[in-house]
Amino acid sequence: MMQQTSMINHTCITDHALFQAIRSGKIKLGGNKRLKIFGRLNCKSGKRMKRYNRVFFVSEEEAIAEGYLPCGHCLRKKYIIWKQSTRK
């Protein structure tokens, strides 16, 4: 059975609904759908991306399940662990 994702495209949510979802904890992470990278909502790198490339996740597990990698800036330790696990 496939796990249903709750990934949200930034272009598919109003600013008001987005702020409510962040405040309520329904959105905890942001990602770049073109680069397949996820990170914290306050990451400088994430704030620079185009709205149409931005997606939001409920959890880290969801982002990873969707094939996204941790951000090398705001999730540095997790990025290093991922990087080391991909080397053979």
Side-chain angles (χ1 to χ4, degrees):
M1 183 174 174
M2 290 208 40
Q3 182 183 9
Q4 185 177 358
T5 182
S6 54
M7 181 175 76
I8 300 167
N9 285 301
H10 196 167
T11 56
C12 297
I13 188 170
T14 66
D15 289 341
H16 179 72
L18 175 61
F19 293 129
Q20 284 185 324
I22 291 170
R23 279 191 217 119
S24 69
K26 291 180 182 172
I27 291 176
K28 296 182 180 162
L29 298 164
N32 184 314
K33 70 180 176 183
R34 187 175 63 82
L35 299 175
K36 300 290 255 183
I37 296 171
F38 75 93
R40 295 185 197 153
L41 295 174
N42 64 349
C43 179
K44 284 184 182 181
S45 296
K47 288 182 177 183
R48 289 193 307 255
M49 81 178 84
K50 304 283 186 204
R51 187 180 190 115
Y52 56 84
N53 285 329
R54 189 177 292 128
V55 293
F56 299 102
F57 299 101
V58 173
S59 69
E60 198 172 297
E61 293 77 21
E62 178 189 13
I64 292 168
E66 288 290 325
Y68 284 69
L69 310 173
C71 175
H73 296 113
C74 66
L75 298 174
R76 187 78 180 154
K77 288 180 184 178
K78 292 178 184 190
Y79 173 80
I80 290 169
I81 291 168
W82 168 81
K83 190 73 170 170
Q84 290 172 344
S85 72
T86 61
R87 291 183 182 164
K88 301 242 174 179

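For clarity, every value in this text was computed on a predicted model and none was experimentally measured. The chain is numbered in sequence order, starting from 1.
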Taking Arg54 for its side chain and Gly30 for its backbone only, find out whether a donor-acceptor pair lies under 3.5 Å.
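Looks like no, no N/O pair under 3.5 Å.
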
Do Asn32 side-chain atoms and Leu35 backbone N/O form a donor-acceptor pair below 3.5 Å?
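Checked: pair present.
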
Let me see the working for Phe38 and Val55 under side-chain contact (heavy atoms from CB on, under 4.5 Å), right down to the final yes or no.
CA-CA 9 Å; Phe38 75 93; Val55 293; over 6 Å; no

Lys26, NZ: over 12 other non-hydrogen atoms inside 6.0 angstrom
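Not buried by this count: 12 neighbours or fewer within 6.0 Å.
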
Just wondering, are more than 12 heavy atoms of other shown residues or ligands nearer than 6.0 Å to NZ in Lys78?
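It does not: Lys78 NZ has 12 such atoms or fewer within range.
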
Measuring from atom [atom1] of [X] to atom [atom2] of [Y], what distance do you get when rounded to the nearest 0.5 angstrom?
{"X": "Asn53", "Y": "Thr11", "atom1": "CG", "atom2": "OG1", "result": "10.0 Å"}
{"X": "Lys44", "Y": "Cys71", "atom1": "NZ", "atom2": "SG", "result": "12.0 Å"}
{"X": "Leu41", "Y": "Phe57", "atom1": "CG", "atom2": "CZ", "result": "11.0 Å"}
{"X": "Lys83", "Y": "Arg76", "atom1": "NZ", "atom2": "CZ", "result": "10.0 Å"}
{"X": "Glu60", "Y": "Arg40", "atom1": "CD", "atom2": "CZ", "result": "10.0 Å"}
{"X": "Ile13", "Y": "Arg51", "atom1": "CD1", "atom2": "CZ", "result": "9.5 Å"}

Could you report the tightest heavy-atom contact between Lys28 and Val58, atom names first, then the distance?
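That closest heavy-atom pairing would be CD-O, 3.3 Å.
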
Contact summary for Cys74 and Gly39, nearest pair of heavy atoms
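Scanning both residues, the minimum pair turns out to be SG-CA, 3.6 Å.
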
Are Tyr79 and Ile37 linked, directly or through intermediate hydrophobic residues, by side-chain heavy-atom contacts shorter than 4.5 Å (ILVMFWY only)?
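No, separate clusters.
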
Would you say that His10 contacts Asp15 through its side chain, given a criterion of any heavy-atom pair below 4.5 Å between the two side chains?
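Yes - at least one pair of side-chain heavy atoms lies under 4.5 Å apart.
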
Is there side-chain contact between Tyr68 and Leu29, with heavy atoms separated by less than 4.5 Å?
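Side chain of Tyr68 against side chain of Leu29, heavy atoms only: no contact under 4.5 Å found.
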
